[in-house]
Participant: 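First, the structure itself, so that you have it in front of you.
Here is the naming used below: chain letters follow the sequence lines, and residue numbers restart at 1 for every chain.
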Amino acid sequence: MTEFALPKTYDFRSVEQRLYAWWESQGYFRPRPDPAAQPFVISMPPPNVTGELHLGHAMFVAVEDLMTRHARMRGAPTLWVPGSDHAGIATQLQVEKELLRTEEVTREELGREAFVERTWAWKHKYGGIITQQIRRLGASCDWSRERFTLDEGLSKAVREAFVRLYEKGLIYRGTYLINWSPGLRTAVSDLEVEYAEEQGTLYTFKYPIAGKEEFIPVATTRPETILGDTAVAVHPDDPRYRHLIGETCLVPILKRPIPVIHDTYVDREFGTGALKITPGHDPADYEIGQRHGLPIVNVLHPDATMNENAGPYAGLDRYECRKRIWADMEKAGLTIKTEPYTMQVPRSQRGGEVVEPLVSTQWFVRMKPLAEPALEVVRNGSLRIVPERFAKVYYNWLENIRDWCISRQLWWGHRIPAWHCAECGQITVARIDPDRCAHCGSTRIEQDPDVLDTWFSSGLWPFSTLGWPEDTPDLRTYYPTTIMETGYDILFFWVARMIMMGLEFTGQPPFSTVYLHGLVRDDRGRKMSKTLGNFIDPLVLMDEYGTDALRFYLLTSSTPGNDINVSADRVEGNRNFANKIWNAGRLVLSAVARAGDRPASMPPPTLADGWIRARKAQLVRDVARLFEAYQYGEAGRQIYEFFWGDFADWYLEIAKLQLDEGAARAWSTAALMVEVLDDSLRLLHPFTPFVTEELWGRLKAACQAGGRSFGPEAGWEEALIVARWPEPTRPRPEEAEAVGSFGKVMEVIRAIRNVRSEKAVEPQRRIPAFIRAGVEAPMFESQRAMLAHLARLDPAGLNITEDLTPPAGAIPLVVGTIEIYLPLAGMVDSAAERTRLSREIEAVEAQVERLEKLLSSAFAQRAPADVVRKERDKLAELKASRESLVASLDALQ
RNA sequence: GGGCGGUUAGCUCAGUUGGUUAGAGCGUUGCGUUGACAUCGCAAAGGUCGUAGGUUCGAGUCCUAUACCGCCCACCA
């Protein structure tokens, strides 16, 4: 055998880095301009610069790279724009932690300017890690267009967006109740607050009425907020309290007088039926306060200790205050009871600490006007969400959207382009840093200290990365983008905001399709987190099984929008698949190497040849259909089954025989092996780019060696990554027919193998067989070599006839109407065989009865004709099969 | 309180225009290594598709209800 240089197992370690560098250096990741073709564009969801690769990244890279490579192979100018996000809070926290650890210095001690400088230094040092890891996954994105949300161009875009919204009156500054994160000392948006069900206490106490002996019983879960109460509310029709409306209550301990008001918001059935109103620290109370013109009393410092409004409790932590005030109220006889209570506690998505609602001056985006068009484009179908069910979630959120608090009291981020005037107090918002107040001309202006929510800049990502607000060639060519692919967990955070911003600033949706993938969870379905210790590192998986294995696993183990519980076993299985591809390639390569010169005339295709071509054609069609429907996982599974189950397990085994049937046959077989392998590698490439590219390159080299001409009709492209995607074709009639005939042969082979296994016939032993094939006799006869090889039959003892007298002392088998007799001397237990055949007859009998009943029922009239015909055919086959079985049984007696 | 997803073989999951005997991988059992691959091959066992109704000639697939698990949204003190 000719020596071929492929190692026995696929060594991804020696392949992945080299190929990635090669692809990139050849410029394959950059779009090939073609004015005639519709470009395919994806904006990569920018990972946090501080981030380290997790399986969520691996997931989006796998899916987006699949889409990108597929589009590229179909000839579209393809652009996948990578980048990273400055991730305000996350990054600032990391740098703060680092500074504290290494230099024992806080950011306050360092000062704003120096801290931001340090953070940039940090970014330059560590920001490349995540992008290196993205490369490791094989992402074929255009690194020459890589962007960062805080780089110059994007900062300009952010500024432009802010100014435009401000000028339109869609950004405003105001004092409202917001979510305050005491640890981070910044405001956060509603979306950044998560509610966790926790055990707490419900405190019920007396609100004394001034000048009376009466009191109103009131309950709260946060007694410290009593200090900020500015009213007690009851339902206007509540007979218990109606007479007290308009009276004055005294805030416990502080003895501050507050009114008893009425509001239908109060639920008479719930609790005591009376409500303490703390407009400064509760969203519902805030609204009631607005309705009734109640004053707002803030009792908290930014670090959630009590402030001067808390009187004697000033300076205490809120929880300490809670204990103390309750103890003091007990002493004063104002308490009624405490009881365990399950409540929803708001916690910061970032730090996990309890978020305090409080009134603060912040910047907001007016969302309603932006939400309307964003709803419309999805409703009218100009923007499609896949899977569809998420559209409902999207509607629900946008229909009930509230204004977005965009200012953060941080240092790392886009500084708000607003200047406050010390003279006139007015605000100047400008694209270029102003040196004087736009209203009074004073030079005593100072820029607003706040920065913008990270998601504000992310919202501009699809167009800011292409050059907006400049009218760049990229923006004109590649915007709007094609698909936004991301996890469903950031539908609101990011996707909805991109749609709103895109429509507002560019007048069109930033992409025509949103494809949402599921979340990767641990093997028990829990979210992965460092604290839980269930974090599975994709780098470790890649080290162990290779990138292709991880990618194929992620792509084929779930369906769109559904979560996936990671399982290392399955990744291993896919490593084996990569190896299978590799070894099939080794066999094909050796066949190519051994084939001589091109024969003068090509022999006609064999049955197996026709079968595998028909199967391949079917696969290409199915894959095209599935890709069209975003069913990438199913497509991958089908390619896997075809490659392993049909091509490797059956065709290649037969090909080994055909290669020994003369030079012409060897050539035609090698050519077909190449054809099927080549198309398989093309179909697989978007899933498993490395092993396919490596093998394809070697295949191409082997096929071109010595000036021969194996391979695709149109010739070999320069690399698989830019090779053509297989076009669906219809199989020729004889190939379609081969599927049926070959199927029968396969069944016969399986039946014989089954008996051999059951009877423990030595694998090496060639056994004789008599096959009564009826009208199929010529077909079986033509396949005798293949049949004998795969069923380990003795070619000399293989007797295929139209009809025959069953030999005595043979094991009878029936496959459809084909009867097989295996004369295994000394192994035949007539009684057992009779029992087996009788059982088979019974089973067929039952089927016949079932079908006869079915066909005499309404089914025959109501079902479509072709369905009925199929059942009739089946019945006929079963009846014929029954005859064969009976004949075999008779022969045994 | 509203909404969504899941429930299919021991385990992890497919099964997308309803078509009549439900599939894969892993695991299990038996057998097998000189020539693509032991990261392999051959064969086998294993499921009344959560439950109860309904629609239909026909339901894992559509409808209704319900149980359990998970998630999202929501101002009940």
Participant: Determine the stems involving RNA chain B; a stem requires 3 or more consecutive pairs of the Watson-Crick or G-U wobble kind, each with both distances below 3.5 Å, and the answer is none if no such run exists.
Facilitator: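 As far as RNA chain B goes, consecutive pairing (with distances under 3.5 Å) yields the stems B:1-7 with B:67-73, B:10-13 with B:23-26, B:28-32 with B:40-44, B:50-54 with B:62-66.
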Participant: Summarise how protein sits on nucleotides 71-77 of chain B as a single string, 5' to 3': B when a protein heavy atom is under 4.0 Å from the base, S for sugar-phosphate-only contact, - for no contact.
Facilitator: --S-BBB
Participant: Would you kindly check whether a donor in the side chain of A:Glu653 faces an acceptor in the base of B:rA36, or vice versa, at under 3.5 angstrom?
Facilitator: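 Under the 3.5 Å cut-off, the side chain and the base do form a donor-acceptor pair.
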Participant: Would you please confirm or rule out a distance under 4.0 Å between OP1 or OP2 of B:rA44 and any side-chain N or O of A:Asn754?
Facilitator: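 Answer is yes, contact under 4.0 Å.
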Participant: To the nearest angstrom, how far is A:Asp866 atom CG from B:rG19 atom P?
Facilitator: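 Computing the A:Asp866:CG to B:rG19:P distance gives 12 Å.
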Participant: Tell me whether the NZ or CZ atom of A:Arg698 lies within the 45° cone about the ring axis of A:Trp582 and under 6.0 Å from its centre.
Facilitator: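 Ring-cation test returns no.
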Participant: Roughly how far, to the nearest 0.5 Å, is the CG atom of A:Leu659 from the CD1 atom of A:Ile654?
Facilitator: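 The CG atom of A:Leu659 is 12.0 Å from CD1 of A:Ile654, to the nearest 0.5 Å.
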Participant: Answer yes when A:Arg750 and A:Glu747 have at least one side-chain N-carboxylate O distance shorter than 4.0 Å, and no when they do not.
Facilitator: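 Between A:Glu747 and A:Arg750 there is no salt bridge, as every charged N stays at least 4.0 Å from the carboxylate O atoms.
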Participant: Check every strand shown and say whether A:Arg389 touches a base, only sugar-phosphate, or nothing at a heavy-atom separation below 4.0 Å.
Facilitator: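 Since only primed, P, OP1 and OP2 atoms lie under 4.0 Å of A:Arg389, the category is sugar-phosphate.
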Participant: Can you tell me, in whole Å, how much space there is between the P of B:rU61 and that of B:rA65?
Facilitator: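 Per the computed distance, 16 Å lies between those P atoms.
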Participant: I'd like to know if A:Arg268 pairs up with A:Asp238 as an ion pair, taking the criterion as any Lys NZ or Arg NE/NH1/NH2 lying under 4.0 Å from an Asp or Glu carboxylate oxygen.
Facilitator: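 No salt bridge links A:Arg268 with A:Asp238.
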Participant: Quote, to the nearest angstrom, the P distance that separates B:rG15 from B:rU7.
Facilitator: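 Here B:rG15 and B:rU7 have their P atoms 9 Å from each other.
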Participant: Which nucleotide wins on minimum distance to the side chain of A:Arg753, given the candidates B:rC26, B:rC42, B:rG41?
Facilitator: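 So the nucleotide nearest the side chain must be B:rC42.
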Participant: Between B:rC68 and B:rA59, how many Å separate the two P atoms, rounded to a whole number?
Facilitator: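 Per the computed distance, 28 Å lies between those P atoms.
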Participant: With a 4.0 Å cut-off on heavy atoms, is A:Leu851 in touch with a base, just the backbone sugar-phosphate, or nothing at all?
Facilitator: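 Answer is nothing: A:Leu851 stays at 4.0 Å or more from every strand.
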Participant: More 5' along RNA chain B: A:Arg850 or A:Arg862, using each one's nearest nucleotide?
Facilitator: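 This one resolves to A:Arg850.
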Participant: For A:Ala858 and A:Val867, find the nucleotide of RNA chain B closest to each by heavy atoms; which residue's nucleotide sits nearer the 5' end?
Facilitator: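 Whichever sits nearer the 5' end wins; that is A:Val867.
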Participant: Tell me: CG of A:Asp649 to P of B:rG32, nearest whole Å?
Facilitator: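 Atom-to-atom, A:Asp649 to B:rG32, this comes out as 20 Å.
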Participant: NA contact type, A:Ala584, heavy-atom cut-off 4.0 Å: base, sugar-phosphate, or nothing?
Facilitator: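 Contact class for A:Ala584: base.
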Participant: Could you measure between the two C1' atoms, the one in B:rU39 and the one in B:rG3, and give it in whole Å?
Facilitator: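 It works out to 45 Å between them.
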Participant: Return yes when atom CZ of A:Arg402 has more than 12 non-hydrogen atoms of other residues, nucleotides or ligands closer than 6.0 Å, and no otherwise.
Facilitator: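 No, not enclosed.
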Participant: Could you state the atom-to-atom distance from CG of A:Leu516 to C1' of B:rC4 in whole Å?
Facilitator: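 Distance, rounded to whole Å: 13 Å.
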Participant: Determine, for A:Arg637 against A:Glu634, whether the closest basic-nitrogen to carboxylate-oxygen distance falls under 4.0 angstrom.
Facilitator: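 Between A:Glu634 and A:Arg637 there is a salt bridge, with a charged N closer than 4.0 Å to a carboxylate O.
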Participant: Roughly, in whole Å, what's the span from CG in A:Asn576 to C1' in B:rA24?
Facilitator: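 Between C1' of B:rA24 and CG of A:Asn576: 14 Å.
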Participant: Can you find a donor-acceptor pair, distance only, under 3.5 Å between A:Lys8 side chain and B:rA36 base?
Facilitator: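 Under the 3.5 Å cut-off, the side chain and the base do not form any donor-acceptor pair.
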Participant: In whole Å, measure the gap between the C1' atoms of B:rG46 and B:rA24 for me.
Facilitator: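 About 14 Å, rounded to a whole number of Å.
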Participant: Rounded to whole Å, please give me the gap between CG in A:Asp563 and P in B:rG6.
Facilitator: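 It is 11 Å, rounded to the nearest whole Å.
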Participant: In the structure I gave you, are the side-chain heavy atoms of A:Tyr265 and A:Leu275 within less than 4.5 Å of one another anywhere?
Facilitator: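 When only atoms from C-beta onward are counted, A:Leu275 and A:Tyr265 do touch, with a gap below 4.5 Å.
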Participant: Of the candidate nucleotides B:rC37, B:rG19, B:rC31, which contains the atom at the shortest distance from the side chain of A:Lys870?
Facilitator: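 The answer is B:rG19, which lies nearest to the side chain.
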Participant: Please report the distance, rounded to the nearest Å, between CD in A:Gln638 and P in B:rG25.
Facilitator: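 About 15 Å, once rounded to whole Å.
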Participant: Given the C1' atoms of B:rC69 and B:rU33, what is the spacing between them in whole Å?
Facilitator: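 Looking at atom C1' only, B:rC69 and B:rU33 are 47 Å apart.
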Participant: Regarding A:Ala629, tell me which of base, sugar-phosphate or nothing describes its non-hydrogen contacts under 4.0 Å with the strands shown.
Facilitator: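 Since no nucleic acid heavy atom lies under 4.0 Å of A:Ala629, the category is nothing.
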Participant: State plainly whether the residues A:Arg882 and A:Glu842 are in salt-bridge range, i.e. N to O under 4.0 Å.
Facilitator: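 So A:Arg882 does not pair with A:Glu842 through a salt bridge.
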Participant: Taking the P atom of each, how far is B:rG70 from B:rU12, in whole Å?
Facilitator: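 Their P atoms lie roughly 15 Å apart.
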Participant: Could you tell me if A:Arg347 sits above the aromatic ring of A:Trp180, with its cationic atom closer than 6.0 Å to the ring centre and no more than 45 degrees from the axis?
Facilitator: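 No, A:Arg347 does not lie over the aromatic ring of A:Trp180.
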Participant: B:rC31, B:rU39, B:rA14: which one has an atom nearest the side-chain heavy atoms of A:Thr559?
Facilitator: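 From the listed options, B:rA14 comes nearest.
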Participant: Look at all strands and tell whether A:Gln847 reaches a base, only sugar-phosphate, or nothing, counting heavy atoms closer than 4.0 Å.
Facilitator: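 Base, at least one base atom sits under 4.0 Å.
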Participant: Sticking with atom P, work out how far B:rA74 lies from B:rC13, rounded to a whole angstrom.
Facilitator: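 Nearest-Å result for B:rA74 against B:rC13 at atom P: 29 Å.
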Participant: For A:Ser557 and A:Ile564, work out which heavy atoms get closest and say how close.
Facilitator: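 Residues A:Ser557 and A:Ile564, closest heavy atoms: CB-CD1, 3.6 Å.
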Participant: Nearest to the side chain of A:Asn583, heavy atoms from C-beta on, is which of B:rC13, B:rC57, B:rC37?
Facilitator: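 Selected nucleotide (nearest to the side chain): B:rC37.
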Participant: So which nucleotide from B:rA36, B:rU21, B:rC42 ends up closest to the side chain of A:Lys580?
Facilitator: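 Nearest nucleotide to the side chain: B:rA36.
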Participant: Answer with yes or no after comparing the ring centroid distance for A:Tyr207 and A:Phe215 against a 6.0 Å cut-off, counting only values under it.
Facilitator: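 No, ring centres 6.0 Å or more apart.
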Participant: Crowded around A:Lys870 NZ? As in, over 12 foreign heavy atoms under 6.0 Å?
Facilitator: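 No, NZ of A:Lys870 has 12 or fewer neighbouring heavy atoms, counting only those of other groups under 6.0 Å.
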Participant: What is the nucleic acid contact for A:Asp285, judged by heavy atoms within less than 4.0 Å: base, sugar-phosphate only, or nothing?
Facilitator: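 Touches nothing.
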Participant: What is the distance, to the nearest angstrom, from the CZ atom on A:Phe643 to the P atom on B:rC37?
Facilitator: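 Nearest whole value for this atom pair: 15 Å.
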Participant: So if I apply the salt bridge (charged side-chain N to carboxylate O under 4.0 Å, His left out) rule between A:Glu852 and each of A:Arg872, A:Lys879, A:Lys874, which one comes out positive?
Facilitator: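 By the salt bridge (charged side-chain N to carboxylate O under 4.0 Å, His left out) criterion, A:Glu852 pairs with just one of A:Arg872, A:Lys879, A:Lys874: A:Lys879.
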Participant: Would you please confirm or rule out a distance under 4.0 Å between OP1 or OP2 of B:rC13 and any side-chain N or O of A:Asn565?
Facilitator: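 Answer yes for this pair, as a side-chain N or O of A:Asn565 is under 4.0 Å from OP1 or OP2.
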Participant: In whole Å, what is the span from the CD1 atom of A:Ile749 to the P atom of B:rA43?
Facilitator: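 In whole Å, B:rA43 P and A:Ile749 CD1 are 10 Å from each other.
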Participant: I want to verify a distance call: between B:rG3, B:rG30, B:rU16, whose nearest atom is closest to the A:Ser757 side chain?
Facilitator: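 So the side chain of A:Ser757 is nearest to B:rG30.
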Participant: How would you label the contact of A:Arg637 with the nucleic acid (heavy atoms, under 4.0 Å): base, sugar-phosphate, or nothing?
Facilitator: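 Sugar-phosphate, backbone atoms only, no base.
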